[in-house]
Amino acid sequence: MQFAEDVLMAYEGELVKMENGRWARFQRCSIVNAGHQDGDEFAILVAVELDERYQDILDAAERTLEPYRERGIPVQIKLDSEGKGKISLSFEGAEPAFAH
């Protein structure tokens with residue numbers, strides 16, 4: 001099957017709130033075609049559910065940012081890639097603000 005163009009649906013490290021209300025982060029996962037001669041390797045993004053301490057941090061951040069979103073101010077929450085439990089808040093057109 002061929003696609004006319006690649007469509008970016010998510011990026012590595014992106015946070016998403018799943019249908020069950022739990023937070024997950026997209027992580028790159030390698031898939032190796034080990035059963036075939038060519039041995040092709042592909043990478044896919046997989047949403048991996050975060051542990052409980054991150055669920056609480058992100059739920060609190062989401063509640064705090066809701067008034068901004070209701071006023072149409074775009075806000076993005078990012079979790080540090082080093083796993084130290086820090087989040088960054090990005091308001092469109094502003095520098096990131098850091099919180100614990």
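In this chain, numbering begins with 1 at the start of the sequence shown.
- Considering only residues two or more places apart in sequence or on other chains, E66 meets the side-chain hydrogen bond (donor to acceptor under 3.5 Å, both in side chains) condition with none of them.
- For E14, the side chain to side chain contact (heavy atoms under 4.5 Å, CB included) partners are A10, Y11, V16, F26, not counting sequence neighbours.
- The line from CG of L15 to CD1 of I77 is 7.5 Å long, rounded to the nearest 0.5 Å.
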Steps toward side chain to side chain contact (heavy atoms under 4.5 Å, CB included) verdict (K17, D59): CA-CA 10 Å; K17 194 160 194 181; D59 284 341; 3.5 Å; yes
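- Here CG of L79 is found 7.0 Å from CD1 of I57. Values are rounded to the nearest 0.5 Å.
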Side chain to side chain contact (heavy atoms under 4.5 Å, CB included) evaluation trace for Q27 with V48: CA-CA 7 Å; Q27 295 179 350; V48 178; 3.6 Å; yes
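- Every residue two or more places apart in sequence or in another chain that forms a side chain to side chain contact (heavy atoms under 4.5 Å, CB included) with E52 is listed here: R22, Q55, D56.
- Here the side chains of E62 and V75 are not in contact, with every heavy-atom distance at 4.5 Å or above.
- Not a single salt bridge (charged side-chain N to carboxylate O under 4.0 Å, His left out) links K78 to another residue, sequence neighbours left out.
- The side chain to side chain contact (heavy atoms under 4.5 Å, CB included) with R25 is formed by just one residue from the set L58, L50, L45, V46; it is L50.
- For residues 61-80, every residue pair satisfying the ring pair (Phe, Tyr, Trp, His ring centres under 6.0 Å) rule, not counting sequence neighbours, is listed here: Y68-F91.
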